[in-house]
Chemist: 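Here's a structure for you.
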Amino acid sequence: MLILVIVLVVLWVILAIVGFAIKGLLWLGIIGIVLVIATIIIGAIRRAAGSKKAGPKSPSA
């Protein structure tokens with residue numbers, strides 16, 4: 001899951017850079033930034049929910 005989030009963030013950053021580099025594609029840069037932020041937030045929420053679901057590990061006797 002973490003690898004997927006990292007790949008998506010990299011792709012969105014590339015889209016944002018291309019969008020800002022080419023004047024006519026400014027909208028692509030804005031969409032790229034929004035997608036980067038959304039991907040990071042969703043990844044953080046899922047990661048936090050996954051760690052809460054697992055709960056504390058108890059030592060086995």
Side-chain angles (χ1 to χ4, degrees):
M1 180 66 185
L2 184 59
I3 294 173
L4 177 64
V5 171
I6 291 171
V7 169
L8 287 175
V9 168
V10 170
L11 287 174
W12 303 147
V13 168
I14 291 170
L15 282 176
I17 291 170
V18 169
F20 286 119
I22 301 172
K23 228 180 203 180
L25 296 178
L26 183 64
W27 58 271
L28 186 61
I30 294 169
I31 290 174
I33 289 174
V34 169
L35 290 174
V36 166
I37 293 169
T39 303
I40 290 172
I41 291 171
I42 291 171
I45 290 171
R46 287 191 176 184
R47 189 170 179 174
S51 65
K52 286 182 183 177
K53 185 189 292 184
K57 296 181 180 178
S58 60
S60 54

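Only heavy atoms go into these numbers, but all of them, side chains included; no hydrogens, no water, no symmetry mates.
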Chemist: Just wondering, do L15 and I31 contact through their side chains at under 4.5 Å, heavy atoms?
Modeler: no
Chemist: Quick one: list whatever passes side chain to side chain contact (heavy atoms under 4.5 Å, CB included) with I41, sequence neighbours left out.
Modeler: I37, I45
Chemist: Only one of V10, L11, I17 passes side-chain contact (heavy atoms from CB on, under 4.5 Å) with V13; say which it is.
Modeler: I17
Chemist: Specify the closest pair of heavy atoms between V36 and W12, including all atoms of both residues, with the distance to one decimal.
Modeler: CG2-CB, 3.1 Å
Chemist: Could you give the distance from CD1 (I6) to OG1 (T39), rounded to the nearest 0.5 Å?
Modeler: 12.0 Å
Chemist: Which pair of heavy atoms, one from I40 and one from V9, lies closest together, and at what distance?
Modeler: CG1-CG2, 3.9 Å
